[in-house]
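Let me begin by presenting the structure, written as C-alpha cells, before commenting on it.
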Amino acid sequence: MLLRMSTLLLKTLREEPADAEVPSHRLLVRAGFIRRAAPGGYTLLPLGKLVLDRVTAIVQEEMVAAGGQEVSFPALLPREPYDVTGRWTEYGDLLFTVKDRRGVDHLLAPTHEEMFTLLVQDMTGSYRDFPLLLFQIQTKFRDEARTRGGLLRGREFLMKDAYSYDLSEAGLIETYARMRATYQRIFTRLGLEHAIVSAVSGAMGGSASEEFLATAEVGEDTFVGCTVCDYAANTEAVTTPAPPARAVTAPALAVHDTPGTPSIASLVALANERALGGRTDWAASDTLKNVVVTVHHPGREPEVLAIGLPGDREVDLKRVEAVLSPATVTMFDDFDSRPDLVKGYIGPQNLKIRYLADPRVVPGTAWLTGANESGRHATDVVAGRDFTPDGTIEAAEVRPGDPCPACGDGALTMRRGIEIGHIFQLGRRYTDVFKVDVLGTDGKAVRPTMGCYGIGLSRAVAAIAEQHHDERGLVWPATVAPADVHIVAAGKDGQIEAALTLGAALSRAGIRVLVDDRPNVSAGVKFTDAELLGIPRSVVVGRRLDEGYAELRDRRTLERTEVPLADVAGVITRELG
RNA sequence: CGGGUCGUGGCGCAGCUUGGUCAGCGCGCUCGCUUUGGGAGCGAGAUGUCGCGGGUUCGAAUCCCGCCGACCCGACCA
C-alpha cells in the first residue's frame with residue numbers, strides 16, 4: 001500500500017472543532033479521520049476507514065481462530081420476530097423503527113439475537129450440528145437519547161456480535177471461557193488497556209455477564225477495583241459484605257420529639273443539640289434512612305417499596321434497578337395518598353409495605369430512625385427486635401474506600417471506562433421462545449443454550465484514540481495504524497522524488513506507506529501533520545538526502561535517528577518483525 | 001426526556017443588548033512571485049438562503065413565536 005498525501009482526501013484542521021469535547025473525538029476530526037455527517041452519525045474518511053478495517057480484521061481473525069463462522073444479516077428487519085420475543089416493545093424508545101410504503105413495521109436492528117436463533121432453528125436439527133459459534137460484523141442502530149463523543153456513542157455504529165449455541169451448560173461455560181480469552185487477546189492486540197468487570201446481565205437475562213471496559217477518563221461506565229486483589233466490577237454488581245449479627249445490647253426503643261428534621265443532616269444536628277439518648281456524638285451513619293420507591297414491574301401494578309440504608313449513604317437507583325430487573329424504579333412522591341408513610345419521618349417499625357434493608361442493617365444493630373409520626377424519631381430501633389426487614393437489597397451508593405467484597409482486605413477504588421465488549425451467558429431465553437429443539441444423541445429433543453458476545457468496533461477506534469494520544473496528536477498502536485510508516489519529503493528539489501522512490505520500495509516489501517509528497521508545503525506543516533496523524537514511525541527525507549541519509553522518527557517517544565537511506569527498508573522491516 | 005450554552009463562507013470566531021454602509025476578522029482555499037527542517041512572506045482574488053419556518057416593522061443576522069441541530073450536566077444506555 002502506498003498512499004500519497006498529494007492526492008489523499010485529507011484535510012487536517014489547525015483549530016479544534018467547536019463541537020468536540022472528548023480527546024478522541026477532537027483528534028479524529030482534527031486529523032481528518034472522521035467527519036460528522038448526521039445526528040449521531042460519522043463519515044469515515046480514508047484514514048479512518050483504514051483504521052477501522054484493521055480493527056475489524058483483527059476481530060475477524062480472532063473470532064475465526066476461536067471457531068466462529070461469519071455471516072451477515074440484513075440491518076433492516078421485519079417486526080414479527082421481535083414481537084415474538086417481546087423486544088419490539090421492551091426495547092422501548094431505543095429501537096429504531098420504520099414503516100415501509102405499505103405501512104408495514106420494520107426495524108433497524110440494535111442486535112440480532114432473534115435472527116441468529118431463527119437461522120439456527122432453520123438450519124440445524126441434530127446434535128451433530130453443535131456446538132455452533134456464529135458472528136457478524138454489522139451496522140447497528142439505536143435511537144440514542146443523547147449521542148456523545150463522536151464515535152463513542154452514535155445512533156449508528158459498527159458492531160461485531162457473536163452468538164454461541166451449545167447443547168449443555170458445560171458446553172456453554174466452556175464456550176464462554178473461550179470467548180473471554182479471545183476477547184482478552186483481541187483487546188490486547190488492539191492496544192487497549194482494559195478491565196474485565198462483572199456486570200449485571202440486565203434485561204437480556206442470563207447468569208454470567210462480564211463487560212470489557214477500556215480505561216479512560218471520558219468513559220461512561222464507572223467500575224470499581226480493589227487495592228489488594230484483582231476484583232473488578234461494575235458499580236451495579238458490587239455486593240456489600242454484611243457484618244456479623246450482634247447480640248442485642250441496646251436499651252428499649254424510645255420515641256423523641258424532633259420537630260423540623262425531615263432530612264438526615266437536620267436530624268443529626270438536632271439529636272446532638274438535644275443529646276438524644278444521652279449522646280452528643282450522633283453521626284449520619286448512626287441513622288437509618290428509609291427511602292420509598294415505586295417499582296414498576298412489567299405487566300403488573302406498581303409496587304410501593306421502602307428501602308432502609310445507613311443515613312450517610314445515598315440510594316443508587318441504578319443499583320436498585322439492577323437487583324429488581326426487569327422492573328424499573330422511580331422515587332415515590334405521592335405521599336398525599338399514603339397517610340401511613342410520613343415523609344421525612346419513616347421508620348421500619350410496623351410498615352405496611354415491603355421493606356428491604358441494606359446488608360449493613362444486620363440483626364442487633366441499633367438505629368436512630370423515623371417514628372412514623374410527623375416531627376418524631378426513635379432511638380435504639382434494633383434490627384431483629386423492633387423490626388425485621390423482608391430481605392436485603394443492594395441499594396446504597398458504592399464509595400471509594402468501601403471494603404472489597406472479594407478479598408475483604410482491600411479497599412475499593414473507582415475508575416471510569418468505555419464499554420468496548422460485553423459477553424454473557426444468555427441461556428435459553430431465545431431458543432425457548434422460538435422453540436428451537438434438535439435431536440440429541442439419545443434421539444430425544446435438546447434445546448440449545450446461548451451465549452452472546454459483542455464488540456463495538458467503531459467505538460473501539462475511539463477508545464484506542466482515547467488511550468493513545470498526546471498533546472501533539474494521535475499515536476496509533478502499530479497493529480491498527482492507518483500505515484506502517486509515514487515518509488515526509490521535507491524540502492525541495494529531489495526530495496519528493498526520493499521519498500516516492502523509497503515509498504515504492506517499502507511498499508513492494510509489503511509495508512503500508514503514506515508519503516507526504518505535497519509540493520509547496522513547508523516542512524513545518526508536514527512535521528506537524530505527521531505528529532497529528534500519529535503513524536508510529538516516520539522517515540524524513542530532507543536536508544541530508546545528498547549525503548545519503550534519512551531521519552527515522554518514533555511518534556511515541558519523538559526520538560530521531562539518522563540512518564543511511566539504503567538501510568531504511570531494512571530497519572523498518574526489522575522493526576515490523 | 002429535563003436543565004444549561006450555542007447555531008453567522010470549509011474551520012475558528014466578532015457583530016445581536018441599542019433593528020438602518022455589518023455581512024466582518026483570523027485560518028483555510030484560488031492565482032502570481034518569493035520561501036522551503038517546525039503550522040512561511042508579499043500581492044491579487046473567490047466563497048454567505050446569517051440553522052429552518054412563521055411573525056412584528058418602511059426595513060430583521062439583530063426583536064417575538066415555533067421547529068431542527070450541536071455541545072455540556074442529568075435521566076437513559078444489549
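Atom set for the values below is all heavy atoms of this structure, side chains included, hydrogens, waters and symmetry mates excluded. These numbers come from a predicted model, not from an experiment.
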Next item on the list: Say whether A:T175 and A:Y165, considering side chains only, have a donor N or O and an acceptor N or O under 3.5 Å apart.
Entry: no
Any donor-acceptor pair under 3.5 Å between the side chain of [X] and the base of [N]?
{"X": "A:E16", "N": "B:rG12", "answer": "no"}
{"X": "A:R560", "N": "B:rG38", "answer": "yes"}
{"X": "A:R146", "N": "B:rG3", "answer": "no"}

Checklist line | N/O (side chain, A:R36) to phosphate O (OP1/OP2, B:rA70) under 4.0 Å | finding: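 Checking B:rA70 against A:R36, a side-chain N or O does come within under 4.0 Å of OP1 or OP2.
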Check: For B:rU36, does OP1 or OP2 lie under 4.0 Å from any side-chain N or O of A:S522?
Finding: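 Checking B:rU36 against A:S522, no side-chain N or O comes under 4.0 Å of OP1 or OP2.
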Pairing check on [N]: which nucleotide meets the Watson-Crick or G-U wobble criteria with it, both distances under 3.5 Å?
{"N": "B:rG45", "result": "B:rC29"}
{"N": "B:rG69", "result": "B:rC6"}
{"N": "B:rC22", "result": "none"}
{"N": "B:rA40", "result": "B:rU34"}
{"N": "B:rU17", "result": "none"}
{"N": "B:rC76", "result": "none"}

Margin query: When you measure from the centre of the six-membered ring of A:Y549, is the NZ or CZ of A:R543 closer than 6.0 Å and no more than 45° off the axis?
Written below: no
Checklist line | A:K289/A:E314 salt bridge by N-O under 4.0 Å criterion | finding: yes
Next item on the list: Pick the P atom in B:rU21 and in B:rC1, then give their distance to the nearest Å.
Entry: 40 Å
Margin query: Work out how far the C1' atom of B:rG15 is from that of B:rC22, and round it to whole angstrom.
Written below: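 7 Å, rounded to whole Å.
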Notebook entry, point to check: If you check the A:T528 side chain, which of B:rG38, B:rC1, B:rC77 turns out closest?
Noted result: B:rG38
Margin query: Between A:R35 (side chain only) and A:Y42 (backbone N and O only), is there a donor and an acceptor less than 3.5 Å apart?
Written below: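 No; judged by distance alone, with no hydrogens or angles, the pair does not exist.
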Notebook entry, point to check: NA contact type, A:G454, heavy-atom cut-off 4.0 Å: base, sugar-phosphate, or nothing?
Noted result: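 Result for A:G454 = nothing.
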